[in-house]
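What follows is a set of notes on a single structure, which appears directly below.
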Amino acid sequence: MDQLLYVLAIMGCGDDNTACRQVRIEPARYTSQVACQEAMEAALRRATDVDYPVVEAACQRQGERMVERESPGPMTVG
């Protein structure tokens, strides 16, 4: 099974808290969403260089995911 990690994304938003866009990802990786959320306040305090009226943070899952592929159908020759 692949390990699931969480990253902390710093988001810049407009005055009305809409039109948010990801500005950066913090370098740390967290093994649980709880640990990521606990780091949010400190990450927001470090984000003083973000040039947006509103700055938010969001924990995002990150990790490799396997995609199950369908087996190819029968091959036909014309």
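Keep in mind that what you see is a predicted model, and the values were worked out from it rather than measured. Here, residue 1 is the first one in the sequence, and each next residue gets the next number.
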When you compare the side chain of Arg46 with that of Ile10, does any pair of heavy atoms fall below 4.5 Å?
no
Going from CD on Gln33 to CD on Gln60, what distance comes out if it is rounded to the nearest 0.5 angstrom?
11.0 Å
Hydrophobic cluster membership, with links at side-chain heavy-atom distances under 4.5 Å among I/L/V/M/F/W/Y: are Val23 and Leu8 in one?
no
Listed partners of Asp51 passing side chain to side chain donor-acceptor pair (under 3.5 Å), at least two apart:
none
Would you give the length of the straight line joining atom CG of Leu4 to atom CZ of Arg29, rounded to the nearest 0.5 angstrom?
12.5 Å
Min side-chain heavy-atom separation Gln62-Ile25 under 4.5 Å
no
Would you name the heavy atoms of Ala58 and Met40 that are closest together and state the gap between them?
CA-CE, 4.2 Å
Cluster companions of Val34 among Ile, Leu, Val, Met, Phe, Trp, Tyr (side-chain spacing under 4.5 Å)
none
Go through it in stages, so that I can follow the logic: the residues are Leu5 and Thr31, the test is side-chain contact (heavy atoms from CB on, under 4.5 Å), and I'd like the CA-CA distance, side-chain angles, deciding distance and then a yes or no.
CA-CA 5 Å; Leu5 297 174; Thr31 56; 4.1 Å; yes
If every non-hydrogen atom of Gly14 is compared with every non-hydrogen atom of Pro53, which pair is closest and at what distance?
C-CG, 4.2 Å
So which atom in Ala39 and which in Tyr30 form the shortest heavy-atom distance, rounded to 0.1 Å?
CB-OH, 3.3 Å
With the side chain counted from C-beta on, respond yes when Tyr52 and Arg21 share a heavy-atom pair under 4.5 Å apart, and no when they do not.
yes
